[in-house]
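This report refers to the structure that appears directly beneath it.
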Amino acid sequence: MRIVLMGPPGAGKGTQAKRLAETFGMVHLSSGDILRAERSSGSEPGRKMKSYMDAGELVPDEIVVAIMAEAISAQPAEKGLILDGFPRTVPQAEALDVQLSALARPLDAVLVIDAPDELLVERVAGRWSCPQCGRVYHSRYLAPVRAGHCDTCGAELIQRPDDAEAVVRERLDAYHRQTAPVIEYYRSRRPIIQADGSAGPDEVTRLVTEALAARGAAWQGKHGRGD
Ligand code: ADP
Ligand code: ADP
């Protein structure tokens, strides 16, 4: 199964994607994590994206599309895929369609996790991330077992500079202006599963797992295999 996971910053995309990847044995590709790694590498595209990311704006389509196309084609065809945070504009969605149809690996569904803006700001303000494995925590809602350290790899947790409130408001604005239209783009093309991200993390996992299991079962029935 191949899915696109969409939603505003703080909706719980990364949290749910990691859980779904484990449950369904899919590869999780987070555009934010991939772009941050490119940025730290000091490469030419990495240097170009810095000012956009710091300001909470979207990185230009041509840079993101090239980096994500490479990451997608590096995955084995038989593995399922969760694209978390990509596409975020209609031109990105069009470029993804072109690539996936050339690879004969079409998308099965688009999963949208949403929540009200004020809740998102609070979530992002309390977000702590592991710089090593990308796992995310929340100081109140999803605290690590040992304060300040990742449960999975033990690394010291950090707060992302672009999670400061003023930048988050810019990112929410970018989501409403540039990314929400991508849902409309998919509406006539792919099944859309909408989940309420304002519930607790386990309840959201239950909702999306059930919805995807139903879709995956239908898909397996149609194609006779589980990827
Ligand atoms: P969140 O998980 O809070 O939604 P991300 O980690 O996905 O945030 O993204 C962080 C930043 O990386 C964005 O504000 C944007 O600058 C950049 N970015 C990530 N994905 C994309 C994309 N598909 N297109 C353009 N910019 C992106
Ligand atoms: P996104 O990838 O959509 O930006 P994250 O998965 O990084 O969102 O979650 C944002 C913050 O909210 C993190 O601190 C995470 O631990 C926390 N979080 C995620 N899902 C929930 C939830 N359902 N309820 C409360 N907090 C959550």
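Note that ligands are numbered from 1 as they come in the structure, with each ligand's atoms numbered from 1 the same way. Worth saying up front: this structure is predicted, and the values here are computed from it rather than measured. All values below were derived from every heavy atom in this structure, side-chain atoms included, with hydrogens, water molecules and symmetry-related copies excluded.
- Checking only distances, Gly56 never comes within under 3.5 Å of ligand 1, N or O to N or O.
- With ligand atoms numbered from 1 in the order given, ligand 1 contributes 15 (C), 16 (O) to contacts under 4.0 Å with heavy atoms of Glu57.
- Residue contact check: Ser31 has heavy atoms under 4.0 Å from atoms 19 (C), 20 (N), 21 (C), 23 (N) of ligand 1.
- The shortest N or O to N or O distance between Asp162 and ligand 1 is not under 3.5 Å.
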>> For Arg123 and Asp163: C-alpha separation, side-chain torsions, deciding distance, then whether salt bridge (Lys or Arg N to Asp or Glu O under 4.0 Å) applies.
In response: CA-CA 10 Å; Arg123 287 226 188 128; Asp163 278 351; over 6 Å; no
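- Taking the side chain as every heavy atom from C-beta outward, Val4 and Val112 never approach each other to under 4.5 Å.
- For the pair Arg88 and Phe86, the cation-pi test (distance below 6.0 Å, angle within 45°) is failed.
- Annotation for ligand 1: atoms under 4.0 Å from non-hydrogen atoms of Val64 are 22 (C), 23 (N), 24 (N), 25 (C).
- Contact check for Ile67 versus Met49: side-chain heavy atoms found under the 4.5 Å cut-off.
- Atoms of ligand 1 lying under 4.0 Å from any heavy atom of Arg36, numbered from 1 in the order shown and given with element: 6 (O), 10 (C).
- Considering backbone and side-chain N/O of Arg88, one or more are found under 3.5 Å from N/O of ligand 1.
- Within the structure, every pair that satisfies the salt bridge (charged side-chain N to carboxylate O under 4.0 Å, His left out) test and touches residues 49-62, not counting sequence neighbours, is listed here: Arg39-Asp54, Lys50-Asp54.
- Partners of Glu38 under the side chain to side chain donor-acceptor pair (under 3.5 Å) rule, at least two apart in sequence or in another chain, are Ser43.
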> Hey, mind stepping through Met26 and Lys79 against side-chain contact (heavy atoms from CB on, under 4.5 Å) and telling me if it holds?
Replying inline: CA-CA 6 Å; Met26 299 155 92; Lys79 277 285 238 180; over 6 Å; no
>> Would Arg177 and Asp173 count as a salt bridge (Lys or Arg N to Asp or Glu O under 4.0 Å) here? Give the steps.
In response: CA-CA 6 Å; Arg177 272 186 302 112; Asp173 188 52; 3.1 Å; yes
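- Side-chain contact check for Gln75 versus Leu29: some heavy-atom pair is nearer than 4.5 Å.
- Within the 4.5 Å cutoff, the side chain of Ile193 has no heavy atoms near those of the Val110 side chain.
- In Gln92, the part holding a heavy atom less than 4.0 Å from any atom of ligand 1 is the side chain.
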Are there any protein N or O atoms under 3.5 Å from the N or O atoms of ligand 2? List them with distances, or say none.
| residue | atom | partner | partner atom | Å |
| --- | --- | --- | --- | --- |
| ligand 2 | 2 (O) | Gly14 | N | 2.9 |
| ligand 2 | 3 (O) | Ala11 | N | 3.3 |
| ligand 2 | 3 (O) | Gly12 | N | 3.0 |
| ligand 2 | 3 (O) | Lys13 | N | 2.8 |
| ligand 2 | 3 (O) | Lys13 | NZ | 2.8 |
| ligand 2 | 4 (O) | Gly10 | N | 2.8 |
| ligand 2 | 4 (O) | Arg127 | NH1 | 2.9 |
| ligand 2 | 6 (O) | Gly14 | N | 3.4 |
| ligand 2 | 6 (O) | Thr15 | N | 2.9 |
| ligand 2 | 6 (O) | Thr15 | OG1 | 2.6 |
| ligand 2 | 7 (O) | Arg127 | NH1 | 2.7 |
| ligand 2 | 8 (O) | Gly12 | N | 3.1 |
| ligand 2 | 14 (O) | Tyr137 | O | 2.7 |
| ligand 2 | 16 (O) | Tyr137 | O | 3.3 |
| ligand 2 | 16 (O) | His138 | N | 3.3 |
| ligand 2 | 23 (N) | Ala199 | O | 2.9 |
| ligand 2 | 23 (N) | Pro201 | N | 3.2 |
| ligand 2 | 24 (N) | Arg123 | NH2 | 3.4 |
| ligand 2 | 26 (N) | Arg123 | NE | 3.3 |

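- Annotation: ring-ring contact (aromatic ring centres under 6.0 Å, His included) contacts of Tyr141 (sequence neighbours excluded): His138.
- Only side-chain heavy atoms of Leu35 come within less than 4.0 Å of ligand 1; its backbone N, CA, C and O stay farther off.
- Under 4.0 Å from ligand 1, heavy atoms of Leu58 appear from its side chain as well as its backbone.
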